[in-house]
Each structure stands twice: as C-alpha cells, then as structure tokens.
Amino acid sequence: MQSRNDNATSETVVLSTDAAGLASAAEVLRAGGLIAFPTETVYGLGADARQSDAVAGIFAAKGRPSFNPLIVHVADLAAAEALVTFTPQAYRLAQAFWPGALTLVLPLRAGSGVSSLVTAGLATLAVRVPDHPVAQGLLRAFGGPVAAPSANPSGRISPTTPAHVLTGLNGRIAGIVDGGACGVGVESTIVDVTGDPVLLRAGGIPAEVLAEALGAPLAHPSAEGTIAAPGMMASHYAPQGAVRLNATAALPGEVLLGFGAVAGDLTLSRSGDLREAAANLFDCLHRLDAMAATAIAVAPVPNHGLGAAINDRLRRAAAPRD
Ligand code: TXA
Ligand code: MG
C-alpha cells in the first residue's frame with residue numbers, strides 16, 4: 001500500500017510560525033504527514049507518535065535504521081505523565097529543566113497509544129518538553145505526542161536552520177515551519193532515569209548542571225551500552241570531507257575550523273565561548289559541505305560544560321565511515 005509519505009517528488013511546503021501556519025502544520029500531522037519544526041536544540045522531523053504509518057514515514061524519509069528509537073515531544077509534564085511512569089529522580093530533573101534541552105528515558109505506560117515503531121520495541125520511551133515558542137505552539141495546535149528525530153538524513157549533519165533541513169530532505173517531507181535558526185545548536189542531553197540516572201548522550205544541558213540538580217554525578221553507560229543507547233552510532237554528524245581533530249594548524253589541502261586562539265578559515269567561536277560554539281557547530285559543518293571541503297581540520301575544544309556535547313559530535317563526525 002502506498003503511504004502518504006512515500007511520494008518523494010512532492011514539494012515541501014514552507015509554513016510560517018503564525019496561527020495559520022501552525023494550524024496547517026497540525027493538520028498535516030493529523031493526516032499522517034511529516035512536518036519539520038524548530039526546537040531550541042535543532043530542527044525536528046515530526047510525525048504523530050500514535051500513527052505507525054506516519055512514524056514509518058520518518059524512518060523512510062531519513063533513511064534511518066528502524067532499530068534506532070525516536071524521541072517523543074509533548075507540550076508539558078502532564079502530557080509526558082500520560083505516556084511514561086515517572087521516578088522521583090525524573091520528577092526532579094523535569095521540574096528543574098523542562099521545558100528545555102533534556103530528554104528523559106522512562107518506562108512506557110501500557111495504553112500510552114505510542115506506536116511500537118517509535119520505541120523500536122523497547123519497554124522505555126524517550127520524552128522531552130521543548131523550550132521553543134514554535135515547537136510549543138505546534139504541540140498545542142496538534143494536541144498530541146509528536147515523534148521527532150533531528151530533521152536530517154540519517155548519519156548526516158543535524159539541522160539548525162530551515163535551509164539545512166531543505167538541503168537534506170526537500171521533496172521528502174510535506175512541510176517545514178520556518179522558525180529561523182535554533183538557539184542551542186546541539187541536541188538535547190539524554191538521561192535514562194528508569195533507575196539511577198545514566199547519561200546516554202551529552203547535549204544542550206551540561207552533565208555537571210544535571211548532577212548539581214540531582215545532588216550526585218550521573219553514571220555513564222557501560223562499554224556494551226548498545227542496548228541502552230541504540231542510536232549512538234560511532235559515525236554520525238558526518239560532513240562530506242574527512243575530519244581531523246585537535247588541530248592547531250591546517251595541513252596542505254585542509255580547511256581549518258577554528259576555536260578561540262586557533263583562528264581557522266571559519267570559527268566555532270572567535271572568543272572561545274562554548275555556548276556560541278554549540279550554536280555555530282552544525283552550521284559550520286554544513287558550510288564546509290557547501291564549500292566542498294574534502295579535508296577538514298578542527299581546533300581543540302575544551303571538554304567541560306557544553307564542550308562535552310560539542311566534542312561528542314566532532315568525534316562522531318571524525319569517526320571511520322562505512
Ligand atoms: O534535541 C533533540 O533531542 C532533537 C530535537 C528534535 O528534539 N532530537 C534528536 O533526536 O536528537 P534523534 O533521533 O536524532 O536522537 C534521539 C536519540 C537516539 O540516539 C536514540 O537512540 C535515543 O535518542 N533514544 C530514543 N529512544 C530511546 C530509548 N527508549 N532508550 C534509549 N535511547 C533512546
Ligand atoms: Mg539525530
């Protein structure tokens with residue numbers, strides 16, 4: 001059977017962030033279509049989390065392996081409580097950081113209505129309440145849970161502008177809500193709170209900040225954490241060119257991505273500001289692609305605070321590819 005999301009040749013409609021634009025976007029979601037929308041971290045590629053056909057469309061549009069589960073976005077804590085069972089630690093983190101760049105992995109409730117394609121069959125669900133007026137407006141106009149991975153072809157650079165989304169997915173999705181550039185620039189921090197909190201992915205809220213709210217450091221997943229964090233493939237966020245890390249100067253033929261004192265051909269942050277570097281990271285990688293850079297050298301970035309998320313993405317960008 002032909003699904004609504006199969007038509008790879010149809011136009012992707014650019015929608016505005018006003019009430020009419022959000023109402024159109026919500027209508028597309030209700031009809032089982034795919035809508036890219038801004039969050040404070042990166043653009044998400046949304047579908048109704050309760051419609052398996054629609055969720056299947058996300059995996060098809062991204063070329064994403066179906067064993068990699070999706071994050072469900074909801075408008076508030078009450079909506080999240082309808083989907084998952086909260087633990088005391090989860091409440092503590094949600095109260096401190098939602099809405100915000102934090103995703104909580106919790107036991108899925110029976111009768112949540114969420115398609116098993118979203119969880120890839122796991123007994124847990126990743127949920128988050130985004131802190132972006134357009135994401136909030138869309139979630140409220142739609143009135144249900146929205147499954148949304150980052151709006152990029154699987155394994156490629158995450159999108160922080162509408163142009164990035166269209167570069168990767170134009171013609172493969174029904175629409176995009178144009179909310180301009182994302183402020184945080186790296187994806188949400190993911191914490192498994194089914195038991196003692198475990199950091200599954202460094203992200204927009206630094207682990208140190210979460211630990212302070214919890215009153216204890218976060219555990220890190222075991223070396224064989226492939227089940228806990230099924231989507232954390234080594235090679236990801238990959239630009240076209242080869243990536244060399246911790247470079248203080250370019251070798252012949254390389255384009256240098258700078259930070260702080262290492263000026264570079266382009267820079268994550270001239271002043272060495274990690275917040276600015278996170279916000280610029282994916283746009284710099286997209287620009288390197290647009291320049292057709294075949295060899296990319298990247299300056300060292302300190303590993304504290306948001307630097308942990310930046311370095312995680314850079315390591316994956318530099319990882320050997322299939
Ligand atoms: O900031 C973000 O989190 C963005 C915006 C759109 O919200 N979304 C995002 O989604 O980064 P995605 O699909 O690119 O990354 C989701 C990650 C994957 O690594 C996936 O494996 C993990 O979340 N994940 C999803 N459900 C999980 C679960 N039940 N247990 C463990 N990891 C899970
Ligand atoms: Mg992603």
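Atoms within each ligand, like the ligands themselves, are counted from 1 in listed order. The first residue in the sequence is number 1, and the count goes up from there.
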**Study point:** Ionic contact status for Arg128 with Glu187, cut-off 4.0 Å
**Key:** no
Review point. Counting only heavy atoms, which portion of Leu200 has something under 4.0 Å from ligand 1: side chain, backbone, both, or neither?
Key: side chain
Study note, to complete from the structure: A student comparing Asn68, Thr103, Val127 should find that the heavy atom closest to atom 21 (O) of ligand 1 comes from Asn68
Point to revise | Residue Ile71 vicinity, atoms of ligand 1 by number, heavy atom under 4.0 Å | key: 3 (O), 8 (N), 9 (C), 10 (O), 16 (C), 23 (O)
Check your understanding: Do the non-hydrogen side-chain atoms of Val193 and Leu93 ever get within less than 4.5 Å of each other?
Key -> yes
Practice item. Mind telling me whether His164 and His286 have parallel, tilted or perpendicular rings, with 30° and 60° as the class edges? Key: parallel
Check your understanding: Between Asp273 and Arg275, is there a salt bridge with N-O shorter than 4.0 Å?
Key -> no
Review point. Run the side-chain contact (heavy atoms from CB on, under 4.5 Å) check on Val255 and Leu266 step by step: do they pass?
Key: CA-CA 8 Å; Val255 181; Leu266 61 175; 4.0 Å; yes
**Study point:** Atoms of ligand 1 close to Thr124 [distance to a heavy atom under 4.0 angstrom, numbered from 1]
**Key:** 28 (C), 29 (N), 30 (N)
Check your understanding: Should Arg64 be counted as touching ligand 1, given the test is an N or O pair under 3.5 Å?
Key -> yes
Exercise for review: Determine, considering heavy atoms only, which of Ala151, Cys182, Pro149 sits nearest to atom 10 (O) of ligand 1.
Suggested key: Pro149
Check your understanding: Looking at ligand 1, does any of its N/O atoms fall within less than 3.5 Å of an N/O of Ser150?
Key -> yes
Review point. Would you say Ser154 reaches the Mg ion (ligand 2) with an N/O/S atom under 2.8 Å?
Key: no
Practice item. Would you tell me which option among Val42, Leu106, Val105 has the nearest heavy-atom contact to atom 30 (N) of ligand 1? Key: Val105
Review point. Hey, what's the ring geometry for Phe282 with Tyr237, parallel, tilted or perpendicular (30° and 60° as the breaks)?
Key: parallel
Practice item. May I ask which of Gly44, Ala148, Ser188, Ala147 has a heavy atom nearer to atom 8 (N) of ligand 1 than the others do? Key: Ala148
Review point. Can you tell me if CD on Glu212 sees more than 12 non-hydrogen neighbours from other groups inside 6.0 Å?
Key: no
Revision key, fill the gap. At under 4.0 Å between heavy atoms, what of Thr119 touches ligand 1? The answer is neither
Exercise for review: Have a look at Pro69, Pro38, Ser154 and point out the one with the heavy atom closest to atom 25 (C) of ligand 1.
Suggested key: Pro69
Practice item. Before accepting this row, confirm whether a basic side-chain N of the pair Arg270/Glu276 lies closer than 4.0 Å to the acidic partner's carboxylate O. Key: no
Point to revise | Sole candidate of Leu245, Val301, Asn246, Val298 that passes side-chain contact (heavy atoms from CB on, under 4.5 Å) when paired with Asn311 | key: Val301
Review point. Under 3.5 Å, N or O to N or O, is His73 touching ligand 1 that way?
Key: yes
